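All chains are named by letter (A, B, ...) in the order of the sequence lines, taking the proteins before the strands, and each is independently numbered beginning at 1. Since the model is a prediction, treat every value here as computed from it, not as a measurement. Values reported hereafter were calculated over all heavy atoms of this structure, with side chains retained and with hydrogens, waters and symmetry mates removed.
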Amino acid sequence: MLEEYKGKRNFKISPEPSGDNGSERKNEYIDKINLNPTTHDELATIHRFVFQKHKATHLHFDFRLESVKNNVLLSWAIPKGPSLDPSVKRLAIRTEDHPIDYLTFEGIIPKGNYGAGSVTVWDIGTFSLESEIDAKSSGKKPPHTTSLSEDISDIIHKKGKVTFNLYGQKIKGKFSLVKTRTSNQWLLIKHKDKYAIEVASKDNKNKNQKAESHNKPDLTETTHTNIVDDHTTKIQKNNCKVKEIAKEHYQTAECGCQLDETQKDITANNSSLNHLPKLIFFERVKPMLSCAADTAFNNRDWVFEIKWDGIRAITLVDKLTQTCKIKSRSGEDITYRYPELENAFKNAFMKNNFRDFVVLDGEIVLLDSKGYPNFQKHQKRMNVTSDRNIQYLSKIYPVVLYIFDILYLDGQNLTSYPFIQRRKILSHLFTTEKNGLIRISDFVEEAGLNVFETIQKMNLEGVIAKLKSSQYVEGIRSKSWLKIKNVKTQDCIIIGYTKGEGNRKNYFGSLLLAAIDKSSQNTTTINNPKLIFIGHTGSGFSCGVLSDIYEILRDLVVSSSPIDYVPYLNRHTIWVKPKVVIEVKFTDWTNNKIMRAPIFQRIRTDKSPSECTIENTIDTIIPIVKINERSRENDLTSNIFKNNNSKMNEISGSKDGLPVSNVEKEFWPQTKSHSSVTKGDLIEYYSKMYTHLLPFIIDRPLSLSRYPNGITGDAFYQKDWKTKRPGFVKTVKVYSESNNSAINYIVCNNQQTLRWLINLGCIEIHPWNSRVFDYDQCDNVNNVENDKCGLNYPDFIIFDLDPYINIDTQDESKEPLYNLESFKATVEIAYSLKRIFEDLKIKSFVKTSGKTGLHIFVPIVNYYTYDQTRQFAKVISQILNQRVPNKITTNWKTSDRKGKIFFDYNQNSFGKTLASVFSVRPVEGATVSVPLEWEKLDEINPQEFTLFNVPDVYRRSNPWVGLLSSKQNLEEILGRISSLDI
DNA sequence: GCCCTTA
DNA sequence: TAAGGGCAACGCCTT
DNA sequence: AAGGCG
């Protein structure tokens, strides 16, 4: 009987009853529920039930009914617990039978076990099966008994429906359990009787009485106090006031997540939310959400507002400090993004009728010149973080704030007031200017259909219907706020599909859609209508439809696109004959005439492709860019075609299985001297060279310089890695004075990381000149400069020689020759430097920068700080300047550098980097920074060393092999400087 | 946003 | 029933 | 390039 129960549990670990205590019914449970059976027979007729509160992964209720016949507890898990409202059906999932002992079980099921979490008895009592009870006496005189001949387990197996009366301390009255079509799913429904509480009814006298009573103390208080789950322990340890408040709030919220709105409001009223300091209230409050509804309606109890297409914003306006604070739907502080709103509030402070502060709910909207919301423009603003851009954008694209609710006023929580009253308060509060940035969102009573018609004509996003009497329910999708979206629909022709991922890998991921563009009819004939691409849809398919459509499409596959021009592809595409018609809904047309967020609705077997025309839309049609105008799109398209037979698999699959992307992407465009170099070529180069490269970058923080679109595309620097990364990628947090916080640097200590970096578009690698000593110490302001961290102690002194730049003669045709000339001049200086080093008996190493300069490394023991090595380098630069007067400059100013070699000793500083040895440089020719023998330096042209030949040239020898082990002592060297001949 | 799974 | 996870679209900004 | 947002 209890095999399933036993099989799921390990009774050596779990305190739950094993179910092996024999079958004797014990009096003790009966005693607990205050019955005094006098005979054994009477005892046998008593059927008991229990509701247990089970804090497992989710808080839920376990409902158990005793089957005397089988000596087990029939069990259901009820996520939301019982409801006393007959109109509320509660899902009950049938779970395995439990032993009778479980009736009074309370305890903690340890982590890792089945049902891990705490179990408490929430209500316990007896029940009687309905069929045995005289309807009149139902609920009045509990008979507590059921005939021995009928057992609940029989009814359940036979009928899939059972009705019974519960006689508990919290839960009383008639209930039914009804089986649904899906296996194991039942519904627990309260019948109408004197215990029922109908929340929905308006003339309900027991308004304040809860339909559900999860918050009542548990019956077994004493036992319960021993049951402490992780969460409460944690909270109990914090006893500062704020945390106490947080605790209360959390606990009500924890229950509240399962409550319906009426009860949620009541708990909010009773909680300390009413007295919260303003900041705490503001920070904690979550926006109330709305449920989706299909159609608008007319109803006296409702009001209707425009659904503004913008960004939800909760605002704290503080009159005392003359500030406002705006937070987004997710709780992020976004005040700084909208300086114009801050200003507007400042100006409004004098003119409003509140004393202290208010908390408002609204939507930030960017309006176009005609006053219509423009979300696409808004997107350009909403993620911008740089101050300058924010200021600029706030002037050219200012936003407005439509306020539609007030949650808090001068220390008073208004969330439990009826909506209509809150709106009254709100309208008395502000005198808003007609074209000011702070506006109150209008509403219309009753006439929802009219409002919807109007917003449809205006092409707005939709309407929100709000129940006049409703309270503000935080963070909940409440049915008292309904969104009715102005959705558009479109019949489309499927022209292709992409492969699905994850559990959709055996089907398609999305469908490529096309329709007939009426506006270009003049270029087409009736027999050959012009199909244009209008987007991908990947949502709205149920399991069955997914496979149905897939089966249909598989027979229609063709080798190339059935339409002339597809502006972009998001992944590998399989084309199909344009035969199948579907209907999708979508929110709007984007600027490129692509549907925004299209959702599959249904297959239209009743329509032919020729009927799929695009309806006229109000917004202006912006012509789609031609292929030639957008080379990037062109590239993407061709890449995807090429991928079928490309070396993508060769590179990603066979070598090490690390994922790479867009290997065919052109990173260096073709030139007279070389064909184009792809990202795949770059990956191949580094995979050949990693043994040479890795020793020079291990344990060194990296500054990434990224070129995701090749050397001609936009590039950016990146130091702080904030998002996720593969497990093999090491990082180190380094304290930064300028940020007054730690920067999380990438460290490349293995081949996989190198591959990952290259795939991110890091053409070159920029390591620090010092290594991490202890990865856990560098984020500490006190350690970052001492030897615990290690990063302040470089391994080499570096000299960066850059040839003169002649700004006047930037003529690309002369470039190679010109470069060689300046390189030769740099070599001369390098040799002079080398002679100084020889005089000082210093070992030095040279590499090309990969461009026209040279990098000279003097390896040292890492005992000296950057400040010391920089001083040393400065001394060397002075000596050099005396030996070769007027040939070098250490001045950054380019005018000063004209005709001279720039000798940069300032690179010997904390956090400064150079492109590492064997780095490919993002310049024409895909040249590489290569190490050289000093003697060979005047024989080579740095342009000769490219990503293509370096692996071969350096396969056998590496002039820098001894570098890392040649750790020289600066003090000895300094001793020799004084006796140096200039 | 939608579907599916989970309890 | 309803919350959470997985999978999709598009355009945008960020690093 | 990849993540995150609405």
Side-chain angles (χ1 to χ4, degrees), chain A residues 54 56-62 76-81 83 88-95 115 180 182 184-188 257-258 260 291-292 309-312 328-330 332 334 337 375-386 389 476-477 485 487 498 500-505 507-513 535-546 568 570-571 584-592 594-601 660-662 665 679 704-709 713-725 756-762:
Chain A
H54 190 170
T57 42
H58 299 279
L59 174 73
H60 65 276
F61 290 78
D62 290 317
W76 288 263
I78 306 183
K80 295 190 60 168
S83 170
V88 176
K89 300 176 181 64
R90 283 292 154 83
L91 181 75
I93 298 110
R94 180 80 195 276
T95 55
T180 67
T182 18
N184 294 335
Q185 297 204 7
W186 298 62
L187 295 168
L188 178 66
C257 70
Q258 305 280 337
D260 73 23
C291 286
D309 190 11
I311 302 226
R312 187 71 176 274
S328 72
R329 198 179 135 118
S330 58
E332 194 196 353
I334 53 170
R337 294 196 179 158
F375 189 72
Q376 275 202 272
K377 276 214 178 86
H378 199 163
Q379 282 193 104
K380 288 186 208 291
R381 284 202 61 178
M382 62 197 227
N383 294 317
V384 176
T385 49
S386 100
N389 290 344
I476 297 272
R477 279 207 185 280
K485 281 198 162 188
V487 286
T498 62
E501 283 178 13
N503 52 28
R504 272 169 72 170
K505 69 171 182 294
Y507 308 99
F508 61 86
S510 66
L511 301 176
L512 283 85
L513 304 175
H536 294 80
T537 181
S539 201
F541 308 99
S542 69
C543 225
V545 175
L546 197 66
Y568 63 91
N570 55 14
R571 60 188 77 181
V584 299
K585 66 172 182 185
F586 63 106
T587 51
D588 212 347
W589 292 100
T590 69
N591 280 341
N592 296 330
I594 299 291
M595 295 180 289
R596 177 173 157 199
I599 309 289
F600 169 82
Q601 295 293 103
V660 290
S661 52
N662 294 320
K665 187 181 252 183
K679 188 179 166 193
L704 311 186
S705 85
R706 297 180 53 186
Y707 297 78
N709 293 305
D714 281 344
F716 59 91
Y717 290 100
Q718 186 174 21
K719 289 201 248 182
D720 200 3
W721 194 268
K722 288 176 178 146
T723 51
K724 61 181 174 188
R725 60 195 147 84
W756 177 73
L757 286 170
I758 306 308
N759 190 51
L760 291 174
C762 299

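Rounded to a whole Å, the CG atom of A:Leu512 is 8 Å from the P atom of C:dC10. In this structure, CZ of A:Phe508 is placed 11 Å from P of C:dA9, rounded to the nearest angstrom. One interatomic measurement links the two molecules: CG of A:Leu704 to P of D:dG3, which rounds to 15 Å at whole-angstrom precision. For A:Trp721 and D:dA1, the CH2 to P distance is 13 Å, given to the nearest whole Å. Between the C1' atom of D:dG6 and the NE2 atom of A:His378 lies a distance of 10 Å, rounded to the nearest Å. In this structure, CZ of A:Arg571 is placed 15 Å from P of D:dA1, rounded to the nearest angstrom. Put simply, CG on A:Leu187 is 7 Å from P on C:dT1, counting in whole angstrom units. Rounded to whole Å, atom C1' of D:dC5 lies 16 Å from atom NZ of A:Lys380.
Atom CZ of A:Arg329 is surrounded by 12 or fewer heavy atoms from other residues, nucleotides or ligands within 6.0 Å.
For the C1' atom pair drawn from D:dA2 and B:dC4, the interatomic distance equals 27 Å after rounding to whole Å. D:dG3 sits 27 Å from B:dC3 when the P atoms are compared, rounded to a whole Å.
Within 4.0 Å (heavy atoms only), A:Leu760 reaches sugar-phosphate atoms of the nucleic acid but no base atom. Residue A:Lys505 is classed as having no contact, given no heavy-atom separation below 4.0 Å to the nucleic acid. Residue A:Phe600 is out of contact with every strand shown, counting any heavy-atom pair closer than 4.0 Å.
Between A:Tyr507 and A:Phe541, the ring center distance fails the sub-6.0 Å criterion.
Side-chain N/O atoms of A:Lys679 include one lying less than 4.0 angstrom from OP1 or OP2 on D:dA1. Applying the 4.0 Å criterion to OP1 and OP2 of C:dC10, one finds that A:Tyr568 has a side-chain N or O inside that range. Side-chain nitrogen and oxygen atoms of A:Asn592 include none within less than 4.0 Å of the OP1 or OP2 phosphate oxygen of C:dC10. At C:dC10, none of the side-chain N or O atoms of A:Thr590 fall inside 4.0 Å of OP1 or OP2 (strictly under the cut-off). Side-chain N/O atoms of A:Asn503 include none lying less than 4.0 angstrom from OP1 or OP2 on B:dC4. The side chain of A:Lys585 places an N or O atom within less than 4.0 Å of a non-bridging phosphate oxygen (OP1 or OP2) of B:dC2. In terms of phosphate contacts, A:Asn591 brings no side-chain nitrogen or oxygen within less than 4.0 Å of OP1 or OP2 of C:dG11. Distances shown here put every side-chain N or O of A:Ser542 at or beyond 4.0 Å from the OP1 or OP2 atom of B:dC2. Put simply, A:Asn383 has no side-chain N or O that comes within less than 4.0 Å of OP1 or OP2 on C:dT15.
Donor-acceptor pairing under 3.5 Å, judged by distance alone, is absent between the side chain of A:Thr723 and the base of D:dG3. At a cut-off of 3.5 angstrom, the base of C:dG11 holds no donor-acceptor pair with the side chain of A:Gln376.
Between A:Leu704 atom CG and A:Lys719 atom NZ the span is 10.5 Å, to the nearest 0.5 Å.
Aromatic stacking is marked for A:Phe716 over C:dT15, as both cut-offs hold: 5.5 Å for the centres and 30° for the planes.
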